[in-house]
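Here is the structure we will look at, set down as structure tokens.
Remember, it's 1-based here, ligands and their atoms both numbered in the order they're listed.
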Amino acid sequence: MKTIKLAHLYPKLLNIYGDIGNVITLKKRCEWRGIYLEINEINIGDLIPESDIYFIGGGQDKQQVEVAKELIKYKDFLQEQRDRMAVFLGICGGYQLFGHYYQPKDAEKIQGIGLLDAYTVAGDKRFIGNVTVKTEYVEPNTLVGFENHSGLTFLQGDTLPLGNVSVGFGNNGKDGTEGARYKNVFGTYLHGSFLPKNPHFADYLIELALGTKPDEITSDIEFKTHNSLINKKY
Ligand code: GLN
């Protein structure tokens with residue numbers, strides 16, 4: 001039986017809006033194809049094992065500070081993992097930590113691990129609501145989700161957006177971009193959870209982790225949800 005190893009980073013601190021749903025989706029979509037997804041829950045103090053997929057959810061600044069202090073110890077290791085093309089998915093607060101730093105309004109700068117050439121600064125307004133993104137990485141070319149953040153993320157260098165928003169604010173509400181990609185590192189502001197509503201993107205991550213396209217499975221219910229959310233304003 002094929003096995004994919006997933007490290008779920010700091011779920012006790014970063015798991016807002018049911019981000020755990022992303023891991024459950026990967027688990028089920030692997031299982032339905034006879035692939036075993038081995039999930040290692042990593043909490044503060046645990047060693048991060050070498051894995052095929054690293055997942056981290058979102059949370060508030062307070063939890064981000066705690067996680068950032070731990071994550072920084074693994075900066076070199078995780079950059080090596082990125083360079084050997086391991087798959088990473090970071091949601092919102094976790095996505096911000098994949099960049100160089102997050103500068104909150106009235107608090108100390110939170111250091112990220114530089115997996116993405118990106119940085120985040122707190123804005124004056126919260127971006128809340130449904131989001132529809134057009135992306136070139138999957139077919140159909142839409143991604144849907146729900147955002148709630150005040151951090152504004154800006155991409156630089158070879159880090160590309162995950163897509164462009166047709167509804168919602170995305171990275172910073174200015175340049176129309178949402179999320180980021182560099183190598184197989186993905187970041188997005190989309191909660192919701194993200195992968196249950198975007199099964200084609202879940203399969204894309206599985207494909208990148210396996211190095212081969214996974215078998216076709218039906219996703220009628222998932223796409224019904226996905227389609228019902230396209231262009232939906234909050
Ligand atoms: N604290 C961050 C922000 O508001 C992340 C929020 C989140 O993960 N939902 O920008």
Give a yes or no on whether D158 atom CG has more than 12 heavy-atom contacts from other residues, nucleotides or ligands under 6.0 Å away.
-> no

If you count the atoms of ligand 1 from 1 in the order shown, which ones are under 4.0 Å from a heavy atom of [X]?
{"X": "R126", "value": "4 (O)"}
{"X": "N148", "value": "6 (C), 7 (C), 9 (N)"}
{"X": "G93", "value": "5 (C), 7 (C), 8 (O)"}

Please determine, by modelled atom types, if [X] and [Y] share a side-chain donor-acceptor pair under 3.5 angstrom.
{"X": "Y54", "Y": "Q81", "value": "yes"}
{"X": "Q96", "Y": "Y189", "value": "yes"}
{"X": "N198", "Y": "Y204", "value": "no"}
{"X": "T177", "Y": "D175", "value": "yes"}

Salt-bridge criterion met for R84 and E50 (N-O under 4.0 Å) = yes

Which residue and heavy atom of the protein sit nearest [atom], plus the separation:
{"atom": "atom 10 (O) of ligand 1", "answer": "G151 N, 2.8 Å"}
{"atom": "atom 3 (C) of ligand 1", "answer": "S150 N, 3.6 Å"}
{"atom": "atom 1 (N) of ligand 1", "answer": "D61 OD1, 2.5 Å"}
{"atom": "atom 7 (C) of ligand 1", "answer": "C92 SG, 2.8 Å"}

Check whether any heavy atom of H191 sits under 4.0 Å from an atom of ligand 1.
-> yes

Could you check H8 against F55 for ring-ring contact (aromatic ring centres under 6.0 Å, His included), going step by step and ending with a plain yes or no?
-> CA-CA 5 Å; H8 188 177; F55 173 77; 5.2 Å; yes

For ligand 1, is there an N or O atom under 3.5 Å from any N or O atom of [X]?
{"X": "Q60", "result": "no"}
{"X": "Q64", "result": "yes"}
{"X": "Q96", "result": "yes"}

What about I113 and I44, same hydrophobic cluster or not, with Ile/Leu/Val/Met/Phe/Trp/Tyr joined at side-chain heavy-atom distances under 4.5 Å?
-> yes

Would you call the rings of F127 and F169 parallel, tilted or perpendicular, where under 30° means parallel and over 60° means perpendicular?
-> parallel

Is it the side chain, the backbone, both or neither of I91 that has a heavy atom closer than 4.0 Å to ligand 1?
-> neither

For atom 6 (C) of ligand 1, which candidate among G59, G58, A122 provides the closest heavy atom?
-> G59

